[in-house]
Amino acid sequence: MSDRPAPTTTLDTKFFWDGLAADRLLIQRCSGCAALRHPPRPMCPHCNSLAWQPIEACGRGYVHSFVQPRHPAWPWFEDGYIVALIDLEEGIRLVSNLCGVAPAEVTIGMPVEAFIERFDNGVSLHQFRPRREPAAGTR
Amino acid sequence: MSRSLRNRAAIAGIGQTEFSQASGRSELQLACEAVNAALDDAGLLPSAVDGLITFTMDSSEEVEVARNLGIPTLAVFARVPYGGGAACGAVMQAAMAVATGVANVVVCYRAFNERSGMRFGGTSMAGATALPAWLDVVAPFGLLTPAAWVALHARRYMHEYGVTNENFGRIAVVDRRHAATNPAAWFYERPITLEDHQRSRWIVEPVLRLLDCCQEIDGGVALVVTPPERARDLRQRPALIAAAAQGATADSEMMTSYYRDDITGLPEMGLVAKKLWAESGLTPADIQTAFLYDHFTPFVLVQLEELGFCARGEAKDFATIENLSLGGRLPINTSGGLLGEAYIHGMNGIAEAVRQIRGTSCNQVAHVEHVLVTAGTGVPTSGLILAQPV
Ligand SMILES: [Zn+2]
(Lines give C-alpha, C1' and ligand atoms only; values in the text may rest on other atoms or scores of the structure.)
Protein backbone atom coordinates (compact mmCIF):
# COMPACT_ATOMS: atom_id res chain seq x y z
CA MET A 1 0.00 0.00 0.00
CA SER A 2 1.07 3.61 -0.33
CA ASP A 3 0.08 7.23 0.00
CA ARG A 4 -1.86 9.33 -2.50
CA PRO A 5 -1.95 13.08 -3.05
CA ALA A 6 -4.70 14.38 -0.78
CA PRO A 7 -7.49 16.45 -2.34
CA THR A 8 -7.92 20.04 -1.17
CA THR A 9 -11.65 20.07 -0.61
CA THR A 10 -13.88 23.12 -0.95
CA LEU A 11 -17.42 23.77 0.30
CA ASP A 12 -18.63 22.52 -3.09
CA THR A 13 -16.66 19.26 -3.15
CA LYS A 14 -16.44 18.14 0.48
CA PHE A 15 -19.45 15.77 0.29
CA PHE A 16 -17.76 13.77 -2.47
CA TRP A 17 -14.55 13.12 -0.53
CA ASP A 18 -16.44 12.58 2.75
CA GLY A 19 -18.50 10.00 0.86
CA LEU A 20 -15.40 8.12 -0.25
CA ALA A 21 -14.08 8.19 3.32
CA ALA A 22 -17.37 6.48 4.29
CA ASP A 23 -16.95 3.91 1.49
CA ARG A 24 -19.57 5.47 -0.76
CA LEU A 25 -19.10 6.78 -4.32
CA LEU A 26 -21.54 9.70 -4.53
CA ILE A 27 -23.00 11.63 -7.46
CA GLN A 28 -24.84 14.97 -7.21
CA ARG A 29 -28.45 14.82 -8.35
CA CYS A 30 -30.25 18.09 -8.99
CA SER A 31 -33.38 18.48 -6.86
CA GLY A 32 -34.94 20.69 -9.51
CA CYS A 33 -34.59 18.58 -12.67
CA ALA A 34 -32.95 15.34 -11.46
CA ALA A 35 -29.91 15.77 -13.74
CA LEU A 36 -26.73 14.14 -12.45
CA ARG A 37 -23.47 16.05 -12.42
CA HIS A 38 -19.76 15.44 -11.88
CA PRO A 39 -17.29 16.91 -10.95
CA PRO A 40 -19.11 18.50 -8.00
CA ARG A 41 -20.29 22.10 -8.40
CA PRO A 42 -22.84 24.31 -6.68
CA MET A 43 -25.39 25.00 -9.46
CA CYS A 44 -27.28 22.88 -11.96
CA PRO A 45 -26.45 24.14 -15.47
CA HIS A 46 -29.83 22.94 -16.77
CA CYS A 47 -32.26 24.57 -14.32
CA ASN A 48 -29.96 26.72 -12.12
CA SER A 49 -31.18 25.04 -8.96
CA LEU A 50 -28.84 25.15 -6.00
CA ALA A 51 -30.62 22.25 -4.34
CA TRP A 52 -29.28 18.73 -4.78
CA GLN A 53 -28.95 15.35 -3.09
CA PRO A 54 -26.13 12.85 -3.22
CA ILE A 55 -27.00 9.48 -4.68
CA GLU A 56 -24.79 6.43 -4.44
CA ALA A 57 -23.32 5.23 -7.74
CA CYS A 58 -23.97 1.62 -8.75
CA GLY A 59 -20.24 1.30 -9.45
CA ARG A 60 -20.64 -0.33 -12.86
CA GLY A 61 -19.00 1.33 -15.81
CA TYR A 62 -16.94 1.12 -18.98
CA VAL A 63 -13.46 2.34 -19.93
CA HIS A 64 -13.73 5.47 -22.09
CA SER A 65 -9.98 6.16 -22.37
CA PHE A 66 -6.82 5.10 -20.55
CA VAL A 67 -3.09 5.88 -20.44
CA GLN A 68 0.05 5.04 -18.49
CA PRO A 69 1.96 8.13 -17.31
CA ARG A 70 5.64 7.07 -17.39
CA HIS A 71 7.55 10.26 -16.75
CA PRO A 72 8.21 11.98 -14.41
CA ALA A 73 8.18 9.41 -11.59
CA TRP A 74 6.10 10.29 -8.52
CA PRO A 75 6.49 9.14 -4.93
CA TRP A 76 2.84 8.04 -4.86
CA PHE A 77 2.71 5.76 -7.88
CA GLU A 78 4.34 2.52 -9.02
CA ASP A 79 5.72 2.70 -12.57
CA GLY A 80 3.13 1.51 -15.05
CA TYR A 81 0.00 2.66 -13.19
CA ILE A 82 -3.05 3.14 -15.36
CA VAL A 83 -5.21 6.28 -15.36
CA ALA A 84 -8.61 5.88 -16.98
CA LEU A 85 -11.78 7.76 -17.79
CA ILE A 86 -14.73 5.64 -16.70
CA ASP A 87 -18.27 6.06 -18.03
CA LEU A 88 -20.59 5.07 -15.18
CA GLU A 89 -23.89 3.42 -16.07
CA GLU A 90 -25.67 6.42 -14.53
CA GLY A 91 -24.28 8.54 -17.38
CA ILE A 92 -21.49 10.47 -15.74
CA ARG A 93 -17.73 10.18 -16.30
CA LEU A 94 -14.95 9.92 -13.71
CA VAL A 95 -11.15 10.03 -13.67
CA SER A 96 -9.81 7.00 -11.82
CA ASN A 97 -7.25 4.19 -11.84
CA LEU A 98 -7.55 0.69 -13.27
CA CYS A 99 -6.21 -2.02 -10.99
CA GLY A 100 -5.72 -5.77 -11.17
CA VAL A 101 -5.26 -5.91 -14.93
CA ALA A 102 -2.24 -5.93 -17.24
CA PRO A 103 -2.14 -2.79 -19.41
CA ALA A 104 -2.04 -4.93 -22.57
CA GLU A 105 -5.37 -6.45 -21.60
CA VAL A 106 -7.22 -3.17 -21.15
CA THR A 107 -9.49 -2.15 -24.01
CA ILE A 108 -11.67 0.89 -24.57
CA GLY A 109 -15.24 -0.12 -23.79
CA MET A 110 -14.17 -2.81 -21.32
CA PRO A 111 -16.65 -3.29 -18.43
CA VAL A 112 -15.28 -2.35 -15.02
CA GLU A 113 -16.53 -2.08 -11.44
CA ALA A 114 -15.69 0.37 -8.68
CA PHE A 115 -14.15 -0.31 -5.30
CA ILE A 116 -12.95 2.12 -2.70
CA GLU A 117 -9.43 1.97 -1.40
CA ARG A 118 -8.08 3.66 1.71
CA PHE A 119 -4.40 4.61 1.33
CA ASP A 120 -1.79 4.78 4.09
CA ASN A 121 -2.10 8.54 4.52
CA GLY A 122 -5.86 8.27 5.10
CA VAL A 123 -6.95 9.28 1.60
CA SER A 124 -9.86 7.20 0.28
CA LEU A 125 -10.30 6.99 -3.49
CA HIS A 126 -12.55 5.22 -5.95
CA GLN A 127 -10.62 2.68 -8.04
CA PHE A 128 -11.81 0.33 -10.80
CA ARG A 129 -11.11 -3.28 -11.79
CA PRO A 130 -12.34 -5.49 -14.64
CA ARG A 131 -15.91 -6.76 -14.37
CA ARG A 132 -17.25 -9.92 -15.91
CA GLU A 133 -20.27 -9.01 -18.07
CA PRO A 134 -23.34 -11.08 -17.29
CA ALA A 135 -24.44 -13.11 -20.30
CA ALA A 136 -26.96 -11.41 -22.58
CA GLY A 137 -30.51 -11.58 -21.28
CA THR A 138 -29.53 -12.13 -17.64
CA ARG A 139 -29.07 -9.62 -14.85
CA MET B 1 -18.84 52.41 -38.51
CA SER B 2 -17.96 48.75 -38.95
CA ARG B 3 -19.15 46.45 -36.18
CA SER B 4 -16.32 44.04 -36.86
CA LEU B 5 -12.66 44.05 -35.80
CA ARG B 6 -11.60 43.18 -39.34
CA ASN B 7 -8.58 45.26 -40.42
CA ARG B 8 -9.08 47.77 -37.60
CA ALA B 9 -5.79 47.05 -35.83
CA ALA B 10 -2.31 45.92 -36.84
CA ILE B 11 0.78 44.40 -35.29
CA ALA B 12 3.42 47.08 -35.81
CA GLY B 13 6.30 45.67 -33.80
CA ILE B 14 7.67 42.36 -32.50
CA GLY B 15 10.40 41.78 -29.92
CA GLN B 16 11.92 38.86 -28.09
CA THR B 17 14.75 37.82 -25.82
CA GLU B 18 17.01 34.88 -26.52
CA PHE B 19 15.46 31.47 -25.75
CA SER B 20 17.52 29.53 -23.18
CA GLN B 21 17.43 26.99 -20.39
CA ALA B 22 18.74 29.46 -17.81
CA SER B 23 18.26 33.15 -18.57
CA GLY B 24 20.08 34.26 -15.42
CA ARG B 25 17.69 37.22 -15.22
CA SER B 26 14.39 37.89 -13.50
CA GLU B 27 11.10 37.31 -15.32
CA LEU B 28 10.43 41.05 -14.94
CA GLN B 29 13.70 41.86 -16.70
CA LEU B 30 12.84 39.46 -19.53
CA ALA B 31 9.43 41.14 -19.90
CA CYS B 32 11.03 44.61 -20.02
CA GLU B 33 13.63 43.50 -22.56
CA ALA B 34 10.97 41.98 -24.83
CA VAL B 35 8.70 45.04 -24.64
CA ASN B 36 11.63 47.36 -25.30
CA ALA B 37 12.71 45.28 -28.29
CA ALA B 38 9.18 45.31 -29.76
CA LEU B 39 8.93 49.10 -29.40
CA ASP B 40 12.34 49.51 -30.98
CA ASP B 41 11.27 47.26 -33.86
CA ALA B 42 8.21 49.45 -34.43
CA GLY B 43 10.22 52.66 -34.08
CA LEU B 44 8.20 53.84 -31.09
CA LEU B 45 9.31 55.33 -27.78
CA PRO B 46 7.95 54.00 -24.50
CA SER B 47 6.20 57.34 -24.04
CA ALA B 48 3.88 56.40 -26.93
CA VAL B 49 2.54 53.33 -25.10
CA ASP B 50 -0.81 53.64 -23.34
CA GLY B 51 -1.78 49.99 -22.91
CA LEU B 52 -0.20 46.77 -21.60
CA ILE B 53 -1.84 43.35 -21.77
CA THR B 54 -0.46 40.03 -20.59
CA PHE B 55 -1.48 36.55 -19.35
CA THR B 56 -3.04 35.92 -15.92
CA MET B 57 -0.16 33.47 -15.48
CA ASP B 58 2.53 36.12 -16.06
CA SER B 59 4.44 37.24 -12.97
CA SER B 60 5.30 40.73 -14.24
CA GLU B 61 2.71 43.33 -13.25
CA GLU B 62 1.69 45.81 -15.93
CA VAL B 63 2.60 48.77 -13.71
CA GLU B 64 6.02 47.28 -12.97
CA VAL B 65 6.74 46.93 -16.68
CA ALA B 66 5.51 50.51 -17.20
CA ARG B 67 7.71 51.78 -14.37
CA ASN B 68 10.80 50.11 -15.84
CA LEU B 69 10.17 51.28 -19.40
CA GLY B 70 9.26 54.78 -18.30
CA ILE B 71 5.76 54.54 -19.76
CA PRO B 72 4.09 57.61 -18.22
CA THR B 73 0.39 56.66 -18.32
CA LEU B 74 -1.68 53.57 -19.07
CA ALA B 75 -5.26 53.73 -20.29
CA VAL B 76 -5.61 49.95 -20.70
CA PHE B 77 -4.21 47.10 -18.62
CA ALA B 78 -5.69 43.63 -18.72
CA ARG B 79 -4.93 39.98 -18.36
CA VAL B 80 -6.14 36.99 -20.30
CA PRO B 81 -6.61 33.61 -18.57
CA TYR B 82 -6.03 29.92 -19.43
CA GLY B 83 -2.30 29.56 -19.97
CA GLY B 84 -1.26 29.44 -23.60
CA GLY B 85 -4.90 29.87 -24.63
CA ALA B 86 -4.36 33.55 -23.88
CA ALA B 87 -1.83 34.34 -26.62
CA CYS B 88 -4.05 35.48 -29.51
CA GLY B 89 -6.65 36.63 -26.97
CA ALA B 90 -4.21 39.22 -25.62
CA VAL B 91 -3.85 40.55 -29.17
CA MET B 92 -7.64 40.50 -29.61
CA GLN B 93 -8.09 42.57 -26.44
CA ALA B 94 -5.41 44.99 -27.66
CA ALA B 95 -7.10 45.20 -31.07
CA MET B 96 -10.44 45.99 -29.42
CA ALA B 97 -8.78 48.72 -27.39
CA VAL B 98 -7.16 50.45 -30.36
CA ALA B 99 -10.17 49.93 -32.67
CA THR B 100 -12.43 51.72 -30.20
CA GLY B 101 -9.98 54.50 -29.46
CA VAL B 102 -9.64 53.50 -25.82
CA ALA B 103 -5.89 53.22 -26.45
CA ASN B 104 -3.46 53.93 -29.26
CA VAL B 105 -0.41 51.76 -28.67
CA VAL B 106 -0.93 48.55 -26.72
CA VAL B 107 1.92 46.14 -26.04
CA CYS B 108 1.15 42.46 -25.31
CA TYR B 109 3.87 40.53 -23.51
CA ARG B 110 4.66 37.13 -22.00
CA ALA B 111 7.97 36.36 -20.29
CA PHE B 112 9.02 33.62 -17.92
CA ASN B 113 11.80 31.45 -16.57
CA GLU B 114 9.79 28.35 -17.23
CA ARG B 115 12.87 26.14 -17.41
CA SER B 116 15.12 27.48 -14.68
CA GLY B 117 12.16 28.42 -12.47
CA MET B 118 8.93 26.50 -11.80
CA ARG B 119 8.46 23.87 -14.54
CA PHE B 120 4.93 22.97 -15.66
CA GLY B 121 5.98 19.42 -16.48
CA GLY B 122 8.23 19.00 -13.46
CA THR B 123 7.74 17.30 -10.13
CA SER B 124 7.36 20.41 -7.99
CA MET B 125 3.94 19.12 -6.95
CA ALA B 126 5.60 16.20 -5.18
CA GLY B 127 6.86 18.67 -2.58
CA ALA B 128 3.64 20.64 -2.29
CA THR B 129 1.83 20.41 1.02
CA ALA B 130 -1.56 21.03 -0.58
CA LEU B 131 -2.78 20.62 -4.16
CA PRO B 132 -4.67 23.43 -5.88
CA ALA B 133 -8.38 22.59 -5.49
CA TRP B 134 -8.98 22.42 -9.26
CA LEU B 135 -6.63 19.41 -9.40
CA ASP B 136 -8.80 17.49 -6.90
CA VAL B 137 -10.48 15.23 -9.41
CA VAL B 138 -7.31 14.37 -11.35
CA ALA B 139 -4.17 14.59 -9.19
CA PRO B 140 -4.99 11.87 -6.62
CA PHE B 141 -5.17 9.41 -9.54
CA GLY B 142 -1.77 10.33 -10.96
CA LEU B 143 -2.75 12.84 -13.64
CA LEU B 144 -0.18 15.40 -12.59
CA THR B 145 1.29 16.94 -15.75
CA PRO B 146 -0.05 18.70 -18.86
CA ALA B 147 1.24 15.73 -20.89
CA ALA B 148 -0.91 13.32 -18.91
CA TRP B 149 -3.98 15.59 -19.16
CA VAL B 150 -3.65 15.83 -22.95
CA ALA B 151 -2.98 12.10 -23.35
CA LEU B 152 -6.40 10.92 -22.12
CA HIS B 153 -8.06 12.98 -24.88
CA ALA B 154 -5.55 11.85 -27.49
CA ARG B 155 -5.85 8.16 -26.55
CA ARG B 156 -9.54 8.25 -27.32
CA TYR B 157 -8.84 10.19 -30.56
CA MET B 158 -6.40 7.45 -31.61
CA HIS B 159 -9.03 4.81 -30.87
CA GLU B 160 -11.85 6.56 -32.77
CA TYR B 161 -9.87 7.41 -35.90
CA GLY B 162 -7.14 4.76 -36.13
CA VAL B 163 -4.34 7.23 -35.39
CA THR B 164 -0.92 6.08 -34.17
CA ASN B 165 1.89 7.70 -32.24
CA GLU B 166 3.86 7.74 -35.48
CA ASN B 167 1.17 9.99 -37.00
CA PHE B 168 1.83 12.43 -34.17
CA GLY B 169 5.59 12.12 -34.70
CA ARG B 170 5.37 13.77 -38.11
CA ILE B 171 4.47 17.06 -36.42
CA ALA B 172 7.65 16.86 -34.35
CA VAL B 173 9.74 16.12 -37.45
CA VAL B 174 8.25 19.13 -39.31
CA ASP B 175 8.77 21.48 -36.38
CA ARG B 176 12.34 20.37 -35.80
CA ARG B 177 13.09 20.65 -39.54
CA HIS B 178 11.94 24.28 -39.48
CA ALA B 179 13.77 25.01 -36.22
CA ALA B 180 16.97 23.67 -37.71
CA THR B 181 17.24 26.70 -40.01
CA ASN B 182 16.12 29.34 -37.48
CA PRO B 183 19.15 30.65 -35.53
CA ALA B 184 16.85 31.94 -32.76
CA ALA B 185 15.40 28.46 -32.18
CA TRP B 186 16.50 26.36 -29.22
CA PHE B 187 16.85 23.39 -31.59
CA TYR B 188 18.72 25.33 -34.30
CA GLU B 189 20.69 22.92 -36.53
CA ARG B 190 19.24 19.90 -34.70
CA PRO B 191 16.62 18.26 -36.96
CA ILE B 192 15.16 14.84 -36.13
CA THR B 193 13.87 11.92 -38.17
CA LEU B 194 10.72 9.89 -37.62
CA GLU B 195 13.00 7.08 -36.46
CA ASP B 196 14.49 9.37 -33.80
CA HIS B 197 10.96 10.14 -32.70
CA GLN B 198 9.96 6.49 -32.52
CA ARG B 199 13.06 5.67 -30.47
CA SER B 200 12.42 8.39 -27.88
CA ARG B 201 11.07 7.19 -24.55
CA TRP B 202 7.45 7.19 -23.49
CA ILE B 203 6.24 10.13 -21.41
CA VAL B 204 2.64 8.91 -21.41
CA GLU B 205 2.17 5.48 -23.05
CA PRO B 206 0.88 4.89 -25.76
CA VAL B 207 0.30 8.51 -26.73
CA LEU B 208 3.25 10.80 -26.08
CA ARG B 209 6.96 10.16 -26.48
CA LEU B 210 9.62 12.62 -25.36
CA LEU B 211 9.77 14.17 -28.83
CA ASP B 212 6.00 14.78 -28.85
CA CYS B 213 6.36 17.22 -25.95
CA CYS B 214 7.68 20.75 -26.08
CA GLN B 215 10.18 21.58 -23.40
CA GLU B 216 9.98 24.43 -20.96
CA ILE B 217 12.22 27.36 -21.76
CA ASP B 218 13.25 30.78 -20.44
CA GLY B 219 12.44 33.84 -22.53
CA GLY B 220 10.00 36.56 -23.45
CA VAL B 221 8.10 37.87 -26.49
CA ALA B 222 6.22 41.15 -26.96
CA LEU B 223 3.94 42.52 -29.71
CA VAL B 224 2.95 46.13 -30.43
CA VAL B 225 -0.66 46.67 -31.54
CA THR B 226 -1.78 50.00 -33.07
CA PRO B 227 -4.51 51.27 -35.40
CA PRO B 228 -3.60 50.46 -39.06
CA GLU B 229 -3.20 54.12 -40.00
CA ARG B 230 -0.67 54.57 -37.17
CA ALA B 231 1.15 51.38 -38.12
CA ARG B 232 1.48 52.57 -41.71
CA ASP B 233 3.72 55.44 -40.59
CA LEU B 234 5.99 53.28 -38.43
CA ARG B 235 9.24 51.47 -39.21
CA GLN B 236 7.93 48.06 -40.33
CA ARG B 237 5.41 46.73 -42.78
CA PRO B 238 2.27 46.27 -40.64
CA ALA B 239 0.58 42.91 -40.19
CA LEU B 240 -3.13 43.69 -40.40
CA ILE B 241 -5.38 41.80 -37.99
CA ALA B 242 -7.96 40.44 -40.44
CA ALA B 243 -9.71 38.53 -37.64
CA ALA B 244 -9.25 37.85 -33.95
CA ALA B 245 -11.31 35.55 -31.73
CA GLN B 246 -11.48 33.95 -28.31
CA GLY B 247 -13.57 30.89 -27.50
CA ALA B 248 -14.81 28.86 -24.58
CA THR B 249 -17.56 26.25 -24.95
CA ALA B 250 -19.82 24.14 -22.75
CA ASP B 251 -17.94 22.24 -20.05
CA SER B 252 -14.58 23.87 -20.88
CA GLU B 253 -11.94 23.12 -18.29
CA MET B 254 -8.26 23.91 -17.96
CA MET B 255 -6.68 20.91 -19.79
CA THR B 256 -9.18 18.35 -18.41
CA SER B 257 -12.43 18.80 -20.38
CA TYR B 258 -13.25 15.12 -19.94
CA TYR B 259 -16.96 15.40 -19.21
CA ARG B 260 -18.31 15.97 -22.71
CA ASP B 261 -19.87 13.12 -24.69
CA ASP B 262 -17.07 13.42 -27.26
CA ILE B 263 -13.58 14.19 -25.94
CA THR B 264 -11.74 13.73 -29.25
CA GLY B 265 -12.32 17.26 -30.57
CA LEU B 266 -11.33 20.76 -29.48
CA PRO B 267 -14.68 22.58 -29.52
CA GLU B 268 -13.05 25.78 -28.23
CA MET B 269 -10.88 25.83 -31.35
CA GLY B 270 -13.89 24.97 -33.50
CA LEU B 271 -15.66 28.05 -32.15
CA VAL B 272 -12.59 30.23 -32.68
CA ALA B 273 -12.29 28.91 -36.25
CA LYS B 274 -15.91 29.68 -37.04
CA LYS B 275 -15.49 33.24 -35.79
CA LEU B 276 -12.18 33.76 -37.65
CA TRP B 277 -13.59 32.61 -41.01
CA ALA B 278 -16.77 34.65 -40.55
CA GLU B 279 -14.97 37.84 -39.53
CA SER B 280 -12.25 37.67 -42.20
CA GLY B 281 -14.48 36.39 -45.01
CA LEU B 282 -11.70 33.91 -45.78
CA THR B 283 -11.58 30.13 -46.04
CA PRO B 284 -8.78 27.63 -45.29
CA ALA B 285 -7.78 27.83 -48.99
CA ASP B 286 -6.81 31.49 -48.46
CA ILE B 287 -4.16 30.65 -45.83
CA GLN B 288 -0.57 30.24 -47.06
CA THR B 289 1.01 29.28 -43.72
CA ALA B 290 -0.13 28.71 -40.14
CA PHE B 291 1.23 28.58 -36.64
CA LEU B 292 -0.70 25.79 -34.91
CA TYR B 293 -0.13 25.58 -31.15
CA ASP B 294 2.03 22.53 -30.59
CA HIS B 295 2.85 22.05 -26.91
CA PHE B 296 1.98 18.40 -27.61
CA THR B 297 1.73 16.93 -31.10
CA PRO B 298 -1.74 15.25 -31.01
CA PHE B 299 -3.73 18.45 -30.77
CA VAL B 300 -2.07 19.78 -33.96
CA LEU B 301 -3.94 17.05 -35.85
CA VAL B 302 -7.19 17.88 -34.10
CA GLN B 303 -6.70 21.58 -34.87
CA LEU B 304 -6.31 20.87 -38.59
CA GLU B 305 -9.78 19.31 -38.39
CA GLU B 306 -11.39 21.97 -36.21
CA LEU B 307 -10.01 24.74 -38.46
CA GLY B 308 -11.39 23.06 -41.57
CA PHE B 309 -8.11 22.22 -43.33
CA CYS B 310 -9.39 18.63 -43.47
CA ALA B 311 -12.46 16.70 -42.34
CA ARG B 312 -12.92 15.06 -38.92
CA GLY B 313 -10.67 12.03 -38.56
CA GLU B 314 -8.71 12.83 -41.72
CA ALA B 315 -5.80 14.74 -40.20
CA LYS B 316 -3.71 11.57 -40.06
CA ASP B 317 -3.76 11.55 -43.87
CA PHE B 318 -3.45 15.32 -44.34
CA ALA B 319 -0.64 15.80 -41.80
CA THR B 320 2.23 14.35 -43.77
CA ILE B 321 5.75 15.69 -43.38
CA GLU B 322 5.63 16.89 -47.00
CA ASN B 323 2.30 18.73 -46.67
CA LEU B 324 3.28 20.60 -43.53
CA SER B 325 6.90 21.46 -44.39
CA LEU B 326 8.15 24.53 -46.26
CA GLY B 327 7.13 24.03 -49.90
CA GLY B 328 4.16 21.84 -48.97
CA ARG B 329 0.41 22.45 -49.08
CA LEU B 330 0.26 24.14 -45.68
CA PRO B 331 3.65 24.83 -44.09
CA ILE B 332 3.14 25.12 -40.33
CA ASN B 333 5.25 26.47 -37.49
CA THR B 334 7.95 27.83 -39.80
CA SER B 335 9.98 29.13 -36.84
CA GLY B 336 10.09 25.62 -35.40
CA GLY B 337 7.01 26.02 -33.23
CA LEU B 338 6.83 25.46 -29.51
CA LEU B 339 8.49 22.07 -30.05
CA GLY B 340 11.48 23.40 -31.96
CA GLU B 341 11.87 27.14 -31.39
CA ALA B 342 10.65 27.83 -27.87
CA TYR B 343 7.66 27.41 -25.60
CA ILE B 344 6.71 31.03 -24.98
CA HIS B 345 3.03 30.16 -24.55
CA GLY B 346 2.27 30.78 -28.22
CA MET B 347 3.48 34.39 -28.37
CA ASN B 348 6.49 33.40 -30.47
CA GLY B 349 4.08 31.92 -33.02
CA ILE B 350 2.39 35.29 -33.44
CA ALA B 351 5.81 36.92 -33.90
CA GLU B 352 6.61 34.36 -36.61
CA ALA B 353 3.28 35.04 -38.32
CA VAL B 354 4.23 38.74 -38.44
CA ARG B 355 7.60 37.84 -39.99
CA GLN B 356 5.80 35.78 -42.65
CA ILE B 357 3.67 38.84 -43.52
CA ARG B 358 6.79 41.02 -43.64
CA GLY B 359 8.70 38.47 -45.71
CA THR B 360 11.50 38.15 -43.14
CA SER B 361 11.07 34.59 -41.82
CA CYS B 362 14.06 32.25 -41.81
CA ASN B 363 11.71 29.84 -43.59
CA GLN B 364 9.85 32.31 -45.74
CA VAL B 365 6.80 31.00 -47.56
CA ALA B 366 6.30 32.45 -51.07
CA HIS B 367 3.50 34.96 -51.76
CA VAL B 368 2.06 35.12 -48.25
CA GLU B 369 -1.24 36.98 -48.06
CA HIS B 370 -2.81 35.51 -44.92
CA VAL B 371 -1.36 33.69 -41.92
CA LEU B 372 -3.43 31.85 -39.32
CA VAL B 373 -2.25 31.58 -35.71
CA THR B 374 -3.80 29.55 -32.91
CA ALA B 375 -3.28 29.69 -29.16
CA GLY B 376 -3.23 26.96 -26.50
CA THR B 377 -5.23 23.78 -26.97
CA GLY B 378 -7.22 21.81 -24.42
CA VAL B 379 -8.12 25.11 -22.76
CA PRO B 380 -10.37 28.06 -23.59
CA THR B 381 -8.38 29.53 -26.45
CA SER B 382 -8.01 32.14 -29.19
CA GLY B 383 -6.82 32.68 -32.74
CA LEU B 384 -5.78 35.31 -35.27
CA ILE B 385 -5.64 35.79 -39.02
CA LEU B 386 -2.97 38.27 -40.07
CA ALA B 387 -2.97 39.86 -43.52
CA GLN B 388 -0.88 42.07 -45.79
CA PRO B 389 -1.61 45.79 -45.44
CA VAL B 390 -4.21 47.06 -47.89
ZN1 LIG C 1 -31.40 20.99 -12.51
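Just so we're on the same page: letters track the sequence lines, and every chain starts at 1.
At a 4.5 Å heavy-atom cutoff, B/Arg119 makes no contact with chain A through either its backbone or its side chain. At a 4.5 Å heavy-atom cutoff, the contact between B/Val207 and chain A is made by side-chain atoms alone. Residue A/Pro75 touches chain B through its side chain alone, counting heavy-atom pairs closer than 4.5 Å. With a 4.5 Å cut-off on non-hydrogen atoms, A/Phe66 touches chain B through its backbone and its side chain both. At a 4.5 Å heavy-atom cutoff, the contact between A/Ser96 and chain B is made by backbone and side-chain atoms alike. For chain B, the nearby parts of A/Val83 are the backbone and the side chain; heavy atoms of each come within less than 4.5 Å.
By the 30° and 60° cut-offs, the orientation of the rings of B/His345 relative to B/Phe112 is tilted. Note on ring orientation: taking the six-membered ring where Trp is involved, the planes of A/His126 and B/Phe141 are tilted (angle from 30° to 60°). A/Phe77 and A/Tyr81 have parallel rings, their planes meeting at less than 30° on a 0 to 90° scale where 60° marks the start of perpendicular.
Relative to the six-membered ring of A/Tyr62, A/Arg131 meets both conditions, a distance below 6.0 Å and an angle of at most 45° to the axis.
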Walk me through whether A/Thr107 and A/Val63 qualify under side chain to side chain contact (heavy atoms under 4.5 Å, CB included). CA-CA 7 Å; A/Thr107 53; A/Val63 174; over 6 Å; no
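Here A/Arg129 pairs with A/Glu113 in a salt bridge; the nearest charged N to carboxylate O distance falls below 4.0 Å.
The minimum heavy-atom distance between B/Ala172 and B/His197, with the atom names listed, is CB-CD2, 4.2 Å.
Options B/Gly142, B/Ala151, B/Ala154 differ in how many heavy-atom pairs under 4.5 Å they form with chain A, and the most are formed by B/Gly142. Your options are A/Arg4, A/Arg37, A/Gln127, and the one with the most heavy-atom pairs under 4.5 Å with chain B is A/Arg4. Comparing A/Thr10, A/Leu125, A/Thr13 by how many heavy-atom pairs each has under 4.5 Å with chain B, the most go to A/Leu125. If you tally non-hydrogen atom pairs under 4.5 Å between each of B/Trp134, B/Trp202, B/Tyr258 and chain A, the highest count goes to B/Tyr258.
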